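Below: the structure, in structure tokens.
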Amino acid sequence: MKRIIPKHHLAIRWFHWINFPMLTIMIWSGLLIYWAHDVYHINIGKATVFKFFPKGLYTSLGIPHHLAEGMAYHFLFMWAFILNGLLYVLYTLVSGEWRHLWPERTSFREAWQVVLYDLHLRKEQPSFDKYNAAQRIAYTAIIFMGMGSVITGFAIYKPVQLNWLCALCGGYEAARLEHFILVIGYCLFFLVHIFQVIKTGWNNFRGMVAGFEVVNEPDQLTTTTNDTHEQNA
Amino acid sequence: MSKTPKKKEPLTIEQKITRRTLLSLGTLIALDVIGIGIWKVLRKESYKDGVQKTLRKGLDVNERIFSTTFSEGRKAKEYSIAEAAKNVRVNGHVGLDKQNEDWTLQVMRTQGEPLSITLDQLKALPKTEVIFDFKCIEGWSQVSHWGGVRFSDFVKAFDLTAGSAMNYVGLQTPDKQYYVGIDMPSAMQEQTILAYEVNGAPLPPEHGYPLRLIIPVKYGIKHLKRIGTIFFSNDKPADYWAERGYDYFSGL
């Protein structure tokens, strides 16, 4: 017997699907800005092993010589990005959804077990309710990263009027680097997230679109979480 | 005898799943199409001052927010002389081509003839030094050391308070090739100077000899080199980079 189990509330789904294009626009317009002074690179010893970013990436995305446009986009869409993020956080707090998302005391230990399971280095899937330990940490961390982007962003945007914020970030140059590192973080998050969503499959993905999951239940109701729920992503 | 209307069969669980999935997926796809449509319109919009109209509006809204919340009391961080760069970065030559020796500063007064002010007259006024992190709109910054006349002192000394009561001050190079507009609160902030020295020496030509604007509450694009004319206005004066897609306010 199939059953429909509510998963993600409509509000959460809206926040999620609005955030995706907003963050994309912020990263793209940020790249238009970064290009004008693209100083970051990874060095091992004295040798540069990677430069942010290679010329090929710039030209393939049409990045060069759009600083003014990049700033105009960035400082318009930032308001939408901030508002959406703010509403999401408020919603999770007011609805109590935060209880599913906030890491528990055991989450940090369990997250390793989740990673080991995902890498097929552990057979049994660690137990979880709505989100597993790794998800709790990831989905909470991403919110703090978002806050970090807003804080470092304003520190760069208004380093005189908000000089206290700029000082809090360790100065103007430091704030710019932190702002940049957070973007790299989003890109890594995105890669893992997409991989996990594909791996976990349709039922889970539908949860973020239609809001429910379908569960196969034996006629005699014996509820276990792990056997019936697909793993979330 | 009329037939009783056919009773609707209750939906099976499979039908419910399909319906709800298609409805939600359809909504998401429809919203995506709308979103992409809006994006395409935005990208292809006609330009106002070098950037799409809607984006220009966005910049203007931000300008309103940050000019009304502007506080003169919040100062750009200052540094010691030892921290100042010895080689001060040069990043633009517009308006610096012609070097005429008989330079005087032209100041348009609200009433009466324009003032013609020599460098010696400016040097006779109290000198203010500012060592701050000069920030270019491109993203780089450099601590540099400037000396000159505080703009607010200059206004008082030449009795220009009728001018400084207006909304904006405009500055132009002698050849009028480069020009900026500055909101008065930023111009009157105590770190804004008409600079004639860098690192304690007269400005070299590439830094705008004999006189340039140093305004730490703005990006470098507003720090006009080789000031020829200063005027006051209630309307926004023309601004070189604001005509080329940049934010008019450009406040930090």
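Since this is a predicted model, take the numbers as computed values, not measurements. A note on names: the letters A, B, ... follow the listed sequences, proteins ahead of strands, and every chain is numbered from 1.
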Could you check whether the rings of A/Y73 and B/W39 sit parallel, tilted or perpendicular, using 30° and 60° as the cut-offs?
tilted
Smallest heavy-atom separation, B/T21 atom then A/A210 atom, equals CA-CB, 4.2 Å
NZ (A/K2) and OG1 (B/T12) are apart, to the nearest 0.5 Å, by 10.0 Å
With chain B, the option among A/A36, A/G211, A/P21 that has the most non-hydrogen atom pairs under 4.5 Å is A/A36
Interatomic distance, CH2@B/W140 vs CZ@A/R176, rounded to 0.5 Å, equals 12.0 Å
Under 4.5 Å to a heavy atom of chain B? For A/Y34 that would be neither
Between the CZ atom in A/R206 and the CZ atom in B/R20, the distance rounded to the nearest 0.5 Å is 9.5 Å
Between A/F212 and B/I17, the two heavy atoms sitting closest are CZ-O, 3.8 Å
request  = Ignoring hydrogens and angles, tell me if any N or O in the side chain of A/Q161 forms a donor-acceptor pair with the backbone of B/S71 under 3.5 Å.
outcome  = yes
Under 4.5 Å to a heavy atom of chain A? For B/L28 that would be side chain
message: Any non-hydrogen side-chain atom of A/W17 less than 4.5 Å from a side-chain atom of B/L31?
response: no
Honestly, the part of B/I221 sitting under 4.5 Å from a heavy atom of chain A is neither
message = Please check if the number of heavy atoms outside B/Y47 that lie under 6.0 Å from its OH is greater than 12.
response = yes
Bottom line for B/K57: the part with an atom under 4.5 Å from chain A's heavy atoms is neither
So, the part of B/R43 with a heavy atom under 4.5 Å from chain A: the answer is both
Would you say B/K236 has more than 12 foreign heavy atoms packed within less than 6.0 Å of its NZ?
yes
What one should report as the nearest heavy-atom pair of A/L67 and B/E138 is CD2-CA, 3.9 Å
Treating B/N62 as the side-chain partner and A/F75 as the backbone partner, does any N or O pair qualify as donor plus acceptor under 3.5 Å? yes
Q. If you draw a 6.0 Å radius around CD1 in A/I44, do more than 12 non-hydrogen atoms from other residues or ligands fall strictly inside?
A. no
- Task: Please say whether more than 12 non-hydrogen atoms of neighbouring residues, nucleotides or ligands are located less than 6.0 Å from NZ in B/K44.
- Result: no
- Query: Going by the angle between their ring planes, with limits at 30° and 60°, are B/F66 and A/W79 parallel, tilted or perpendicular?
  - Reply: parallel
- Message: If you count heavy atoms of other groups shown closer than 6.0 angstrom to CG of A/N43, is the number above 12?
- Response: yes
Under 4.5 Å to a heavy atom of chain A? For B/R244 that would be backbone
Separation between CG (A/L76) and CG (B/L42), nearest 0.5 Å, reads 7.5 Å
Bottom line for B/T27: the part with an atom under 4.5 Å from chain A's heavy atoms is neither
So, the part of A/P159 with a heavy atom under 4.5 Å from chain B: the answer is both
Greatest number of non-hydrogen atom pairs under 4.5 angstrom with chain A, of B/L25, B/V61, B/V217, falls to B/L25
If one checks every heavy atom of B/D247 against chain A at 4.5 Å, the contacting part turns out to be neither
The interface call for A/I33 against chain B, heavy-atom contacts under 4.5 Å, is backbone
Taking every heavy atom of A/V209 against every heavy atom of B/S24, the minimum-distance pair comes out as O-CB, 3.5 Å
Whatever's closer than 4.5 Å to a heavy atom in chain A on B/F70 counts as both
So B/D32 and A/F20, do their side chains get closer than 4.5 Å, heavy atoms only?
no
**Over 12 foreign heavy atoms within 6.0 Å of NZ, B/K53** = no
Tightest non-hydrogen contact, residues B/I13 and A/R3, listed as CD1-CA, 4.5 Å
Should we count CZ of B/R19 as having more than 12 external heavy atoms under 6.0 Å? no
Check: Checking A/N163 side chain against B/K75 main chain: does a donor-acceptor pair fall under 3.5 Å?
Finding: yes
Rounded to the nearest 0.5 Å, the CG atom of B/L252 sits from the CD1 atom of A/I156 at a distance of 11.5 Å
Between A/A72 and B/V51, the two heavy atoms sitting closest are CB-CG2, 3.9 Å
